[in-house]
Participant: 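Would you mind keeping the following structure in view while I ask a few things?
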Amino acid sequence: MKIATFNINGIKARAQALTDWLDTAQPDVALLQEIKSVDEAFPRELFEERGYNVETHGQKSFNGVAILSKLPLEDVRRGLPGDDTDEQARWIEATVVGRQAIRLCGLYLPNGNPAPGPKYDYKLAWMDRLRARAADLLASEEPAMMAGDYNIIPQPVDAAKPEAWVEDALFRPESRAAFQRITNLGFTEAIRSRHPQQAGLYSFWDYQAGAWQRNNGIRIDHILLTPQAADLMTDCGIDKEIRGFEKPSDHVPVWVELDL
DNA sequence: ATGGCTGTCCCTGACAGA
């Protein structure tokens, strides 16, 4: 089963690029971020006609997450637990049943800039709530994954120009420590586990300053697997080539292949 | 060397993104 995460940066602007990628890559499940659409405006028929079940957690103009799945989605939950006043649509989870069941969580972690400031405080508070949910997933001792746009550059090797990011919310020590606290609970970060030292693995290139042409990228989209899910991983990758296609998102898909 | 973009909205500039 191939499961991918992809920050599409707006479903209206990305309908063509997204369906082109789906038709080529053929993921069984796609966790989408930044749909920038309310649920009613999401063009679900584009995906239903390709055999996907569609669940969304949308918001007007900003944020918004969705799950596309060729297998039925069960027990869908929307919103990251831990703060009933949080109105930003950044979290959706559901169970997919293959040969065995896996809990899939799609997330769009807050950017946090400018830092320091209230947006950075919100990011770190959100990561506290994420850690709590992550601990619960591990305690279940079942296959589960948390995948999405983490807006975290984990290590200097994950940026073409790490020195340019030292003051940025994506790379500040508190951000990276919060991410590490989560992974240290016992998750496997798919791409880095398969390529421990490799530089040049990126999932985002800014639209500005010819970042793609200069390969000035960062790796901020991640797939975290519980031990029971990590045991099932047979492959993973980054579909970087679509960044150079017509009208691309600034992110590219990251995916894992699981034996289930 | 510098500056460079894109998407959204009761739209045409402000805000957000990273």
Side-chain angles (χ1 to χ4, degrees), chain A residues 5-21 32-43 46 56-66 86-91 106-124 126-127 130 147-176 178-179 191 200-222 238 240 242-254:
Chain A
T5 174
F6 188 7
N7 179 324
I8 59 173
N9 190 19
I11 185 58
K12 293 194 184 88
R14 213 66 60 220
Q16 188 64 52
L18 174 58
T19 52
D20 286 349
W21 168 73
L32 305 180
Q33 301 90 42
E34 280 206 273
I35 64 174
K36 296 187 177 180
S37 163
V38 293
D39 295 334
E40 308 79 64
F42 191 79
L46 276 179
T56 60
H57 181 36
Q59 179 182 339
K60 188 174 177 175
S61 302
F62 306 117
N63 308 322
V65 288
D86 185 358
E87 304 201 332
Q88 300 191 30
R90 296 178 175 277
W91 179 270
L107 67 98
Y108 175 45
L109 206 149
N111 173 304
N113 281 306
K119 292 189 173 181
Y120 194 52
D121 295 340
Y122 174 67
K123 176 177 195 155
L124 295 178
W126 204 94
M127 295 186 79
L130 176 60
D149 177 359
Y150 278 75
N151 272 317
I152 296 283
I153 303 167
Q155 301 294 335
V157 70
D158 296 310
K161 297 182 178 178
E163 67 281 3
W165 296 93
V166 290
E167 299 292 330
D168 196 282
L170 279 62
F171 193 59
R172 288 173 70 93
E174 305 89 343
S175 302
R176 294 168 56 197
F179 181 73
I191 295 291
L201 299 173
Y202 308 132
S203 66
F204 170 92
W205 294 260
D206 202 286
Y207 288 125
Q208 299 186 64
W212 167 249
Q213 288 75 12
R214 297 162 191 244
N215 196 26
N216 179 15
I218 52 178
R219 196 173 68 91
I220 55 175
D221 299 87
H222 308 299
I238 304 176
K240 74 177 286 186
I242 73 168
R243 183 62 179 80
F245 292 180
E246 194 86 351
K247 216 171 186 305
S249 172
D250 40 8
H251 296 250
V252 297
V254 180

Participant: How would you summarise protein contacts on nucleotides 10-18 of chain B per nucleotide, using B for base, S for sugar-phosphate only and - for none, with heavy-atom distances below 4.0 Å?
Facilitator: S-----SSB
Participant: Return no unless some side-chain N or O of A/K12 is found under 4.0 Å from OP1 or OP2 of B/dC9.
Facilitator: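 True: A/K12 side-chain N/O within range (under 4.0 Å) of B/dC9 OP1/OP2.
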Participant: Distance check, C1' atoms only: B/dA18 and B/dG7, in whole angstrom units.
Facilitator: 14 Å
Participant: Let me check something: any side-chain donor-acceptor pairs from residues 162-171 of chain A under 3.5 Å, sequence neighbours excluded? List them with distances.
Facilitator:
residue, atom, partner, partner atom, Å
A/D168, OD1, A/N113, ND2, 3.0
A/D168, OD1, A/L170, N, 2.9
A/D168, OD2, A/N113, ND2, 3.3

Participant: What's the gap between B/dC15 and B/dC10 when it is taken at their P atoms, as a whole Å value?
Facilitator: 15 Å
Participant: Quick one: label A/K123 by what it contacts on the DNA or RNA (base, sugar-phosphate, nothing), any heavy atom closer than 4.0 Å.
Facilitator: nothing
Participant: Considering heavy-atom distances to DNA chain B, does A/I11 or A/G210 have its closest nucleotide positioned more toward the 5' end?
Facilitator: A/G210
Participant: Starting at CD1 of A/I35 and ending at P of B/dG7, how long is that distance when rounded to a whole Å?
Facilitator: 16 Å
Participant: Using salt bridge (Lys or Arg N to Asp or Glu O under 4.0 Å) as the criterion, list what pairs up with A/D86, not counting sequence neighbours.
Facilitator: A/R129
Participant: Is A/A13 touching bases, backbone alone, or none of the nucleic acid, heavy atoms closer than 4.0 Å?
Facilitator: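 Since only primed, P, OP1 and OP2 atoms lie under 4.0 Å of A/A13, the category is sugar-phosphate.
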Participant: Do the non-hydrogen side-chain atoms of A/Y120 and A/R172 ever get within less than 4.5 Å of each other?
Facilitator: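 Touching, per the 4.5 Å side-chain cut-off.
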Participant: Quick one: ring-ring contact (aromatic ring centres under 6.0 Å, His included) partners of A/H251, sequence neighbours excluded?
Facilitator: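 If we apply the ring-ring contact (aromatic ring centres under 6.0 Å, His included) test to A/H251, skipping adjacent residues, the hits are A/F204.
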Participant: Any heavy-atom pair between the side chains of A/W21 and A/V252 that's under 4.5 Å?
Facilitator: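 The answer is no; the side chains never approach within 4.5 Å.
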Participant: Between atom CZ in A/R214 and atom C1' in B/dC5, what is the gap in whole Å?
Facilitator: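 From A/R214 CZ to B/dC5 C1': 14 Å.
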Participant: Based on the glycosidic angle (syn within 90° of 0, else anti), state the conformation of B/dC11.
Facilitator: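 What B/dC11 shows is a syn base, its glycosidic angle lying within 90° of 0.
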Participant: In whole Å, measure the gap between the C1' atoms of B/dT6 and B/dC11 for me.
Facilitator: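 15 Å, rounded to whole Å.
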Participant: Could you tell me the separation between the CH2 atom of A/W212 and the P atom of B/dT6, rounded to a whole number of Å?
Facilitator: 15 Å
Participant: Under the salt bridge (Lys or Arg N to Asp or Glu O under 4.0 Å) test, which residues partner A/R14, sequence neighbours left out?
Facilitator: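 Expected list: none.
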Participant: Separation of A/N216 atom CG from B/dT2 atom C1', in whole Å?
Facilitator: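 So the CG-C1' distance, A/N216 to B/dT2, works out to 15 Å.
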Participant: What pairs with A/D158 under salt bridge (Lys or Arg N to Asp or Glu O under 4.0 Å), at least two apart in sequence or on another chain?
Facilitator: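 A/D158 satisfies salt bridge (Lys or Arg N to Asp or Glu O under 4.0 Å) with A/R192, A/R219 only.
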